J.: 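For reference, the structure I am asking about is given below.
All chains are named by letter (A, B, ...) in the order of the sequence lines, taking the proteins before the strands, and each is independently numbered beginning at 1. On a predicted model such as this, the values are computed, not experimentally measured, just so you know.
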Number of protein chains: 2
Amino acid sequence: MQKQWDIDSLTADIVKRIKKQTLADKNGKLPSERKLMAYYNVSRYALRQALGKLSKNGYIYQIQGRGSYIHEHHDQTNSINQSDLGFTEDLAREGKSIQTVSAFQRIVPFSEIDFSPGNQQFSDDQLFVEIERFRTLENKPYLVEHSYYLPEIVGEISEEAMYGSMFDYLSKEKGLTVGFIDKFIRCELLTESYATFFHLETNMPSLTVRDDSYLREGELVAFSKVYYDYRDATLFMHKKLLE
Amino acid sequence: MQKQWDIDSLTADIVKRIKKQTLADKNGKLPSERKLMAYYNVSRYALRQALGKLSKNGYIYQIQGRGSYIHEHHDQTNSINQSDLGFTEDLAREGKSIQTVSAFQRIVPFSEIDFSPGNQQFSDDQLFVEIERFRTLENKPYLVEHSYYLPEIVGEISEEAMYGSMFDYLSKEKGLTVGFIDKFIRCELLTESYATFFHLETNMPSLTVRDDSYLREGELVAFSKVYYDYRDATLFMHKKLLE
DNA sequence: TAGTGGTCTAGACCACGGT
DNA sequence: CCGTGGTCTAGACCACTAC
């Protein structure tokens with residue numbers, strides 16, 4: 001009885017073998033799909049699902065009639081890969097430490113909020129849990145996160161949670177699963193208080209990311225805006241054409 | 001003999017019916033996959049490929065055990081959707097006009113270039129075709145594009161091409177197909193000449209996008225940096241989790 | 001329990017690239 | 001011509017949601 005592969009374990013194993021350089025030949029060419037099917041004993045569909053994930057994230061590229069090849073994309077320092085999970089989470093994954101150095105929470109009505117989700121309106125007296133977090137990367141000021149959560153969905157948010165990953169907190173403590181996020185990336189000027197945190201002058205710029213986070217069920221659960229130190233933050237994206 | 005659907009026409013038809021609001025019910029729920037299969041007379045695979053594209057781009061979301069639903073994401077003014085084609089191209093598609101108001105071309109060695117592709121190095125005397133283009137959106141200064149093309153691949157670039165879409169030019173005139181692009185988004189300070197174009201002061205910020213463009217065959221064909229007016233440019237992105 | 005989307009198989013044909 | 005990836009079919013079982 002040999003090992004059974006599903007798409008996730010298959011994907012992971014191919015990545016592992018690519019990194020160990022035991023899969024591709026010296027030109028970076030992978031074995032053909034038919035050979036990989038035989039090797040892993042999976043169907044064409046399962047194999048192509050796995051290769052499709054790698055292709056989407058820029059690990060490989062495929063050329064009809066020729067084969068599949070490894071694509072080395074430079075792992076830029078402090079770069080944020082949108083194809084992976086949450087923005088800050090994957091920095092930690094690379095051995096960097098993200099810490100929340102201070103955090104505030106209060107309840108505010110919609111009328112006092114100076115930015116709003118892209119596709120939804122609320123009445124002025126709709127209440128939100130406002131959270132503001134100042135976070136460092138390797139002990140250096142890195143980002144300010146300004147979020148508004150819908151109290152009807154998330155309930156109360158504990159003080160401890162504000163110093164960790166909100167994503168994990170919602171999932172583990174509240175049983176809420178975020179399904180998708182709309183992101184709006186801009187460049188904006190810093191107010192005095194945020195500029196001070198970054199050791200910058202007022203009106204210096206910031207790379208900002210506005211998120212609208214939706215539950216798996218399609219319901220808006222939070223919207224937020226993250227201000228990054230423009231000197232450190234780079235957002236990485238891999239785009240396939242011809243799809 | 002009824003109409004034959006392939007994935008692209010199927011995707012397009014579903015989008016059309018969603019926009020005409022003749023597919024979903026009043027709650028934004030689409031017919032089940034089995035019903036759509038029967039309606040279009042296609043296999044589950046083809047249908048799910050089409051729905052997968054819509055899901056990836058944020059048009060719909062799917063919930064296991066419940067169904068598929070439309071996701072209305074606000075069409076932000078001047079927003080650039082990374083899931084679509086070239087960055088500037090899709091603004092034109094929405095009826096906005098992008099024009100090149102001035103353009104320069106010269107040949108330079110690698111040693112004189114102040115930014116470089118993420119994963120590749122060249123010898124100092126490797127020559128590049130440098131192109132600088134100043135472009136307006138609706139007659140308002142919108143972006144500056146600073147690109148370096150590999151002359152061994154693209155050959156000479158005509159003056160006319162510099163005032164249109166380089167993407168189309170490479171494809172139609174040179175028979176070159178760009179297969180994928182690595183993008184690095186940052187916020188940077190403007191030099192005097194660029195700032196002047198945007199009617200901004202020196203050292204005001206800009207949303208910048210560094211592109212490394214690769215041919216379908218995996219060969220680097222150009223790298224560039226685009227500076228957007230930070231007041232106008234918003235980059236839109238839709239992210240699915242749990243994949 | 002019935003219906004939904006998620007995963008997976010086995011097989012076929014097509015389009016393209018290199019010989 | 002053969003081998004490659006790209007598309008598509010028919011069918012099966014699983015996981016989850018609602019009732």
J.: Select from Asp6(B) and Glu217(A) the residue whose nearest nucleotide in DNA chain D is closer to the 5' end of that strand.
T.: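 Comparing both residues, the 5'-ward one is Asp6(B).
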
J.: Would you say Asp211(A) and Ser213(A) are linked by a side-chain donor-acceptor pair, where the criterion is simply a distance under 3.5 Å?
T.: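 Absent: no donor and acceptor within the cut-off.
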
J.: Whole-Å distance between dC8(D) C1' and Gln49(B) CD?
T.: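 Rounded to the whole Å, the gap is 9 Å.
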
J.: Quick test of your reading of the model: are Lys53(A) and Asp8(A) salt-bridged, counting only N-O distances below 4.0 Å?
T.: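 Here Lys53(A) pairs with Asp8(A) in a salt bridge, since their nearest N and O are under 4.0 Å apart.
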
J.: Judged by modelled atom types alone, do Asn27(A) and Tyr69(A) share a side-chain donor-acceptor pair under 3.5 Å?
T.: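 Per modelled atom types, Asn27(A) and Tyr69(A) side chains form no pair under 3.5 Å.
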
J.: Mind telling me whether Phe223(B) and Phe128(B) have parallel, tilted or perpendicular rings, with 30° and 60° as the class edges?
T.: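 The arrangement is perpendicular - the two ring planes meet at more than 60°.
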
J.: Going through the distances and angles, do Gln62(A) and Ser55(A) end up as a side-chain hydrogen bond (donor to acceptor under 3.5 Å, both in side chains)?
T.: CA-CA 7 Å; Gln62(A) 298 186 281; Ser55(A) 174; 4.9 Å; no

J.: Ile7(A) near the nucleic acid: base, sugar-phosphate alone, or nothing, with a heavy-atom cut-off under 4.0 Å?
T.: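 It contacts sugar-phosphate atoms only.
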
J.: Can you tell me the distance, in whole Å, between the OH atom of Tyr40(B) and the C1' atom of dT9(D)?
T.: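 Rounding to the nearest Å, OH of Tyr40(B) and C1' of dT9(D) are 19 Å apart.
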
J.: In whole Å, what is the span from the CG atom of Asn27(B) to the C1' atom of dT17(D)?
T.: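 These atoms are roughly 16 Å apart.
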
J.: Among Leu36(B), Asp6(B), Leu10(B), Ile7(B), find the one that has a side-chain contact (heavy atoms from CB on, under 4.5 Å) with Val42(B).
T.: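 Of the listed options, the one satisfying the test is Leu10(B).
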
J.: Using whole Å, report how far OH of Tyr45(B) lies from P of dC14(C).
T.: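 Result: 16 Å.
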
J.: Do Gln105(A) and Glu156(A) pair up side chain to side chain, a donor and an acceptor below 3.5 Å, judged on atom types alone?
T.: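 Not at all, the side chains of Gln105(A) and Glu156(A) share no donor-acceptor pair under 3.5 Å.
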
J.: Taking C-beta and beyond as the side chain, do Ser116(A) and Phe110(A) meet within less than 4.5 Å on heavy atoms?
T.: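 They are in side-chain contact.
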
J.: I need the CG-P distance between Leu47(B) and dC8(D), as an integer number of Å.
T.: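 Whole-Å distance recorded here is 12 Å.
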
J.: Verify side-chain hydrogen bond (donor to acceptor under 3.5 Å, both in side chains) between Arg135(B) and Thr100(B), making sure each step is shown before the conclusion.
T.: CA-CA 4 Å; Arg135(B) 314 192 81 184; Thr100(B) 303; 3.0 Å; yes

J.: Taking atom P of dT7(C) as reference, at what distance in whole Å does atom CH2 of Trp5(A) sit?
T.: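 Answer to the nearest Å: 18 Å.
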
J.: For the pair made of CG in Leu51(B) and P in dC8(D), what is the distance, rounded to whole Å?
T.: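 Interatomic distance, CG of Leu51(B) to P of dC8(D): 14 Å.
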
J.: To the nearest Å, how far apart are Leu215(B) CG and dC16(C) C1'?
T.: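 Computing the Leu215(B):CG to dC16(C):C1' distance gives 17 Å.
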
J.: Treating primed atoms plus P, OP1 and OP2 as sugar-phosphate and everything else as base, which nucleotides of nucleotides 1-6 of chain D get B, S or - for protein heavy atoms under 4.0 Å?
T.: --BBBB

J.: Five pairs at each end of the helix from dT1(C)-dA18(D) to dG18(C)-dC1(D): take the axis at both ends and give me the angle between them to 10°.
T.: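 That helix has its two terminal axes inclined by roughly 10°.
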
